[in-house]
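Heads up: the structure comes next, in structure tokens.
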Amino acid sequence: MAHEDRATLSHQGFLPNCVELDRSYDADRMLSELLDFTVRTKRSFSAASGRRVLPLRSIGGDPYRTDSGGPSVLGFRDTAWLEHLPYFREILEDLPAPVRAARLWAAGPGSRDVALRTAKVGPPWGMCRLHLPVAVGGTRAHVVFFEEHHHWPPGALWFAAAWREYALVNRDESELVHLIVDLHYTEALASLFPASLRGVLTGPHVLPRRPTTPMHDQEKYLRRFHLPETFANWERPGHLLYSEVRRTHGSGQRMLVPARIEISAGTPLLILASRPFCTLEHIGDGEFRLRGWSDERTIQVTQRSDVPALLRLREGTTTYVIELPADAGPT
């Protein structure tokens, strides 16, 4: 086990809570399309009862799944609702980064929603969250961070530091509606940020998304090994997982579960505790990213019989490397 420091700059403090990006969209057209959506689908998007969320893109295209998601077998797909919202589809396709999850989020009059913070959704972990206000009501509708209140105009695209606590607060008499988009972080996305931030957004303290590469001779990537039992909790900080494994190694206690890489219909899968956990994406040199996730954690196969794979955990400027011991297979 080892960890590698790539720089010393804090991976959480170098970005502001929010910043307006160099991209805007037609607010009237968005609002008109939402109203038309209600008429054509007979599905009201009213948040009169407090909150309403409409997923436009989710894991497996689930039309009722409203979370930001994570690694999976199916990956992120458009939901059926997006077929009825062509301008919103156009907006998502216009963003210069692969979209993970997207949903329309409505906060009713007098409501407050504190459930927007999402661990690791930020450039230090290879991801990013954007807000596009659709309907903002009056000046009493805010996006609230600690000691900060913002009133974002409709049609303006904003970055939000989603790994910090923040909320949509609507004390107005009309609804507040935002399109909330979680994306993979790319340098093309960084070009939308103010010039003053582009330097740090292309430096070593953000996590770039490496391209996938073909797998030749797929059989050579098959491995059996053990993973830490908390590996499946992808929101858990990497340094805590690294510390747990070090304590386990020192005490002799087993906190590991059997895992393996197998190939199904030409696609690599990670099997965890005998169940499919997620599809894998090969990014070169036998290293695999979890589908639907970033390069924040990867598994790299080795030629060693005792340590057939390495787990790499990346947090901002630091990389932790954990040797994964062999699994002898079923007995």
Side-chain angles (χ1 to χ4, degrees), residues 11-25 30 51 53-59 65-71 76 79 88 91-107 113-134 136 142-146 148-169 176-194 197-198 200-201 205-209 234-235 237 292-296 314-316:
H11 64 274
Q12 296 190 25
F14 71 92
L15 285 170
N17 287 331
C18 61
V19 65
E20 186 174 0
L21 304 185
D22 187 20
R23 192 69 56 96
S24 62
Y25 299 93
M30 288 190 290
R51 186 187 77 166
V53 183
L54 184 73
L56 305 185
R57 189 170 170 82
S58 64
I59 289 181
R65 183 162 181 169
T66 61
D67 64 312
S68 61
F76 290 93
T79 71
F88 283 96
I91 291 170
L92 295 180
E93 292 176 349
D94 183 58
L95 298 173
V99 175
R100 299 176 63 248
R103 56 265 192 213
L104 284 162
W105 196 292
D113 200 320
V114 296
L116 293 177
R117 179 183 179 273
T118 307
K120 298 184 181 178
V121 178
W125 301 273
M127 291 176 279
C128 195
R129 174 168 293 172
L130 306 182
H131 277 246
L132 178 61
V134 178
V136 300
H142 298 98
V143 181
V144 178
F145 290 88
F146 181 67
E148 290 184 15
H149 290 67
H150 302 274
H151 180 74
W152 296 342
L157 187 65
W158 288 78
F159 158 80
W163 65 93
R164 301 172 185 153
E165 294 287 350
Y166 80 111
L168 295 181
V169 178
L176 172 66
V177 181
H178 280 204
L179 173 64
I180 301 178
V181 187
D182 292 327
L183 313 93
H184 293 290
Y185 177 75
T186 64
E187 287 193 10
L189 189 61
S191 69
L192 302 183
F193 283 73
L197 291 174
R198 291 175 197 164
V200 295
L201 284 167
H205 37 273
V206 299
L207 190 59
R209 181 173 176 80
W234 58 82
E235 293 186 340
W293 201 239
S294 70
D295 292 21
E296 181 266 342
R314 297 171 176 87
E315 281 191 357

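Note that the structure is a prediction, hence the values are computed from the model and not measured.
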query = Passes side chain to side chain donor-acceptor pair (under 3.5 Å), H150 versus Y166? Steps please.
reply = CA-CA 11 Å; H150 302 274; Y166 80 111; over 6 Å; no
Contact summary for [X] and [Y], nearest pair of heavy atoms:
{"X": "P124", "Y": "F14", "value": "CG-CE2, 3.9 Å"}
{"X": "L176", "Y": "V169", "value": "CD2-O, 4.3 Å"}
{"X": "A156", "Y": "P133", "value": "O-CD, 2.9 Å"}
{"X": "H205", "Y": "V200", "value": "NE2-O, 2.7 Å"}
{"X": "G69", "Y": "W234", "value": "O-NE1, 3.9 Å"}
{"X": "A101", "Y": "D67", "value": "CB-O, 4.0 Å"}

Would a distance-only check, ignoring hydrogens and angles, find a side-chain to backbone donor-acceptor pair under 3.5 Å from [X] to [Y]?
{"X": "R65", "Y": "I59", "answer": "no"}
{"X": "R164", "Y": "F145", "answer": "no"}
{"X": "Y185", "Y": "S294", "answer": "no"}
{"X": "R100", "Y": "G292", "answer": "yes"}
{"X": "R198", "Y": "F193", "answer": "yes"}
{"X": "T186", "Y": "P96", "answer": "yes"}
{"X": "T79", "Y": "P55", "answer": "yes"}
{"X": "K120", "Y": "M127", "answer": "no"}

Partners passing side-chain hydrogen bond (donor to acceptor under 3.5 Å, both in side chains) against [X] (at least two apart in sequence or in another chain):
{"X": "W293", "value": "E296"}
{"X": "D22", "value": "none"}
{"X": "H142", "value": "none"}

Heavy-atom side-chain proximity of [X] to [Y] below 4.5 angstrom:
{"X": "R129", "Y": "S68", "result": "yes"}
{"X": "L104", "Y": "F88", "result": "yes"}
{"X": "W163", "Y": "P123", "result": "yes"}
{"X": "D94", "Y": "R23", "result": "yes"}
{"X": "L179", "Y": "L56", "result": "yes"}
{"X": "R103", "Y": "D182", "result": "yes"}

What's the separation between atom [atom1] in [X] and atom [atom2] in [Y], rounded to the nearest 0.5 Å?
{"X": "E148", "Y": "N17", "atom1": "CD", "atom2": "CG", "answer": "4.0 Å"}
{"X": "F159", "Y": "L183", "atom1": "CZ", "atom2": "CG", "answer": "11.5 Å"}
{"X": "L130", "Y": "C18", "atom1": "CG", "atom2": "SG", "answer": "12.0 Å"}

ask   = Parallel, tilted or perpendicular for H178 and W152, by the 30°/60° rule?
value = parallel
key: Criterion side chain to side chain contact (heavy atoms under 4.5 Å, CB included) on L132 and V181, from CA distance to verdict   = CA-CA 8 Å; L132 178 61; V181 187; over 6 Å; no
task = Give a yes or no on this: more than 12 heavy atoms of other residues, nucleotides or ligands lie within 6.0 Å of atom CD of E187.
result =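 Check fails, neighbour count at 12 or below.
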message = Using the rule given for side chain to side chain contact (heavy atoms under 4.5 Å, CB included), can you reason through L95 versus L157, listing the C-alpha separation, both sets of side-chain angles and the distance that settles it, and then say yes or no?
response = CA-CA 10 Å; L95 298 173; L157 187 65; 3.9 Å; yes
message = Show, in sequence, the C-alpha distance, side-chain angles and deciding distance for C128 and L189, and conclude whether the side chain to side chain contact (heavy atoms under 4.5 Å, CB included) test is met.
response = CA-CA 9 Å; C128 195; L189 189 61; 3.8 Å; yes
